[in-house]
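This report refers to the structure that appears directly beneath it.
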Amino acid sequence: MIQKAKRFFPFFTFVVFLIVLTLPILGQAQFDFPDTNPGQYIFYKDTRGGQNRLTGIFKFPDGTIICRTVDTIKNVSSTITVEVQKTKNGIEIVPAKVIEGDFERDIQYLLVDFNNIASQQFLNQSKISDKKNTTEDPWPEFGYTLEHTFWKFIPFFNLYSMRRTDLETSFYEVAIMGRMAHKDDVSFFKINLPLTNENSAAKFKIPKKNEKSIESSGYQIPLDENWKVIPPDKEKNLYHETIWLSVSSMRDAQIGIETIDTSLLGNKFQISSPMDFANRIINSNTLLIANTIKIENISPNEVVLSYVVIDTETKLQTISINKIKKVDATNYHIINFSAFLETYEENKPYFIKIIKNTKPIKK
């Protein structure tokens, strides 16, 4: 049953920023990907040559850079610490210490891939933005051209995917983005397929009930009697009022309004637009399926961000939709919606109507 899941989904609240702040870099490597948060990691899915491999890079809180590759067919992995040297042509990644696995079988190829990716990132850094941009990388000695897609929201190398221009699909694509949830979190070293579990109990149709409109934090939310208001409770990590959908479990979905003053976050975060805010949300999640990230520009002062996260213990999937609006120089309003992915897919028009018609109360 749904109730057995230890967690439903991570709340996006002010506490997300505080968690990131509690993971300072304790030491410094020569180059440690300064635009990537301490405790962050990423895995790419590599399907070249019939393989099904996950290859990841992790920025440990002390500044150590760790790489790991998992052959999911043979169920073997190799892990290594690396040194990253800054050069006039970008960076060079060299092996430091093998933690586990086989250097010749796995690690040398990982290093070749990451050095090639880093080289392409350096050559195309001026083109990397909040929109996906593709560049071509000819390999005439092998008779093909690679197409690299970069996106600034992806940590480390900003690489979203790679494919050969003579093939339709990508052979190397970002799979998941993660972040240590606490100082003892070892999720990076356990990642393997399957990444997710199906939540069959969350597949249901929401029954029709009487409509009711709920006022919350200055917004009018068009709901029905399937929903109930939950007051803030810091002991339960409920930092603002939320409204829960309770049909198959205590909480099948939730919606809430957050008001955040970014001046309270300090200069470290440098949030000056809804897009900056979206970037911060994306890179603060504990485990996120990267190819589910979608960003829609409504106006210069409003974006809609959606993505799917994975519970690291149950492997259940949750979709989050954040409508981020800048109301003045430092203040933002976020319509924050989340639901089990299966519940959302079964009732998509119902939820879209709620999110679309949640509006500020006119004074």
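Note: hydrogens, waters and symmetry copies are ignored here, and every other heavy atom, side chains too, is used. It should be emphasised that the depicted structure is a prediction, and the values quoted were computed from it without experimental measurement.
- Checked against side chain to side chain contact (heavy atoms under 4.5 Å, CB included), Pro360 has the following partners two or more places apart in sequence or in another chain: Tyr219.
- For the ring pair (Phe, Tyr, Trp, His ring centres under 6.0 Å) test, residues two or more places apart in sequence or in another chain that qualify with Tyr172 are Tyr44.
- No donor-acceptor pair under 3.5 Å is formed between the side chain of Lys45 and the backbone N or O of Val174.
- A tilted orientation is assigned to the rings of Phe142 and Trp139, their planes being inclined by 30° to 60°.
- Contact check for Phe277 versus Val303: no side-chain heavy atoms found under the 4.5 Å cut-off.
- Residue Ser272 comes nearest to Tyr332 through the heavy atom pair C-OH, 3.2 Å, listed as atom of the first residue, atom of the second, then distance.
- Asp71 is not listed as a side-chain neighbour of Ser77, based on a closest heavy-atom distance of 4.5 Å or more.
- Distance alone, capped at 3.5 Å, is enough to place a donor-acceptor pair between the Asn115 side chain and the Leu111 backbone.
- With a 4.5 Å cut-off on side-chain heavy atoms, Asn226 and Lys208 do not count as touching.
- Rounding to the nearest 0.5 angstrom, the gap separating the CG atom in Leu110 from the CD1 atom in Ile93 is 8.5 Å.
- Side-chain N or O atoms of Thr47 include none that pairs as donor or acceptor with a backbone N or O of Gln51 at under 3.5 Å.
- Legend: residues meeting salt bridge (Lys or Arg N to Asp or Glu O under 4.0 Å) with Asp224, ordered by chain and number and at least two apart, are absent.
- Residue pairs satisfying the salt bridge (charged side-chain N to carboxylate O under 4.0 Å, His left out) criterion with at least one member in residues 111-131, sequence neighbours excluded, are listed as follows: Arg48-Asp113.
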Worked verdict on Tyr160 versus Asn291 for side chain to side chain donor-acceptor pair (under 3.5 Å)
CA-CA 8 Å; Tyr160 185 81; Asn291 65 7; 5.4 Å; no

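- Looking only at side-chain heavy atoms (C-beta outward), Val229 and Ile214 come within less than 4.5 Å of each other.
- Within the 4.5 Å cutoff, the side chain of Arg164 has heavy atoms near those of the Phe171 side chain.
- Remark: Phe33 engages Phe31, Phe156, Phe157 in a ring pair (Phe, Tyr, Trp, His ring centres under 6.0 Å) (not counting sequence neighbours).
- Without hydrogens or angle criteria, Gln254 side chain to Ile243 main chain gives no donor-acceptor distance under 3.5 Å.
- Side-chain contact check for Glu100 and Thr79: at least one donor-acceptor pair (N or O, by modelled atom type) lies under 3.5 Å.
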Please walk me through it: do Ser213 and Gln220 pass side chain to side chain donor-acceptor pair (under 3.5 Å)?
CA-CA 6 Å; Ser213 183; Gln220 200 83 31; 2.7 Å; yes

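- Residues Lys183 and Met180 approach most closely at O-CE, 3.5 Å, considering heavy atoms.
- Two residues are said to be in side-chain contact when any heavy atoms from C-beta on lie closer than 4.5 Å; Glu241 and Pro231 fail this criterion.
- Under the salt bridge (charged side-chain N to carboxylate O under 4.0 Å, His left out) criterion, the residue pairs touching residues 140-157 are Glu147-Arg163, with sequence neighbours excluded.
- Of all heavy-atom pairs spanning Thr314 and Asn197, the tightest one is O-ND2, 3.0 Å.
- Residues passing the salt bridge (Lys or Arg N to Asp or Glu O under 4.0 Å) test with Lys203, sequence neighbours excluded: Glu198.
- Within 6.0 Å of NZ in Lys323 there are more than 12 heavy atoms belonging to other residues, nucleotides or ligands.
- Inspection of the Trp151 and Thr149 side chains reveals no N or O donor paired with an N or O acceptor under 3.5 Å.
- The closest side-chain donor-acceptor pair between Asn133 and Ser129 falls under 3.5 angstrom.
- Interatomic distance, Phe60 CZ to Ile66 CD1, rounded to the nearest 0.5 Å: 6.0 Å.
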Candidate pair Leu316 and Thr196, rule side chain to side chain contact (heavy atoms under 4.5 Å, CB included), full reasoning:
CA-CA 6 Å; Leu316 300 183; Thr196 63; over 6 Å; no

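- Expressed to the nearest 0.5 Å, how far CD1 of Ile42 lies from CD1 of Ile57 amounts to 9.0 Å.
- Rounding to the nearest 0.5 Å places CG of Leu195 at 9.0 Å from CD of Gln317.
- Around the NZ atom of Lys205, the shell of radius 6.0 Å holds more than 12 heavy atoms that belong to other residues, nucleotides or ligands.
- Pairing each heavy atom of Pro38 with each of Pro61, the nearest pair is CB-CA, 4.1 Å.
- Listed by chain and residue number, nothing satisfies the side chain to side chain contact (heavy atoms under 4.5 Å, CB included) test with Lys356 (two or more places apart in sequence, or in another chain).
- The shortest distance between side-chain heavy atoms of Leu305 and Ile321 does not fall below 4.5 Å.
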Considering only distance and modelled atom types, tabulate donor-acceptor pairs under 3.5 Å from the side chains of residues 292-301, sequence neighbours left out.
from   : atom 1 : to     : atom 2 : distance (Å)
Thr292 : OG1    : Ile289 : O      : 2.6
Thr292 : OG1    : Val308 : N      : 2.9
Ser299 : OG     : Asn301 : N      : 3.2
Ser299 : OG     : Glu302 : N      : 3.3

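- Proximity of Ile257 to Thr358: side-chain heavy atoms (C-beta onward) are separated by under 4.5 Å at one or more points.
- For Glu346 (side chain) and Thr343 (main-chain N/O), no donor-acceptor pair under 3.5 Å exists by modelled atom type.
- Side-chain atoms of Thr330 and Asp261 form a donor-acceptor pair, as typed in the model, at a separation below 3.5 Å.
- Atom NZ of Lys97 is separated from atom OG1 of Thr64 by 10.5 Å, given to the nearest 0.5 angstrom.
- Here the closest heavy-atom approach between residue Asp106 and residue Ser78 is recorded as OD2-OG, 2.8 Å.
- The structure places NZ of Lys59 at 16.0 Å from OH of Tyr41, a figure rounded to the nearest 0.5 Å.
- Of the N and O atoms on the side chains of Ser249 and Asp252, at least one donor lies less than 3.5 Å from an acceptor on the other residue.
- Partners of Thr72 according to the side chain to side chain contact (heavy atoms under 4.5 Å, CB included) rule, which considers only residues two or more places apart in sequence or in another chain, are Asn52, Leu54, Val70, Asn192, Leu193.
- For Arg68, there are no salt bridge (Lys or Arg N to Asp or Glu O under 4.0 Å) partners two or more places apart in sequence or in a different chain.
- In this model, no donor atom of one side chain and acceptor atom of the other lie less than 3.5 Å apart for Glu136 and Thr145.
- If you check the side chains of Thr69 and Arg53, you find a donor sitting under 3.5 Å from an acceptor.
- Residues Gly56 and Phe114 share a closest heavy-atom pair of O-CE1, 3.8 Å.
- Thr87 and Asn89 share no side-chain donor-acceptor pair at under 3.5 Å.
- The closest side-chain donor-acceptor pair between Asn283 and Asn279 falls under 3.5 angstrom.
- Among residues two or more places apart in sequence or in another chain, the salt bridge (Lys or Arg N to Asp or Glu O under 4.0 Å) test is passed with Asp35 by none.
- Residues Phe351 and Phe337 bring their aromatic ring centres within 6.0 Å.
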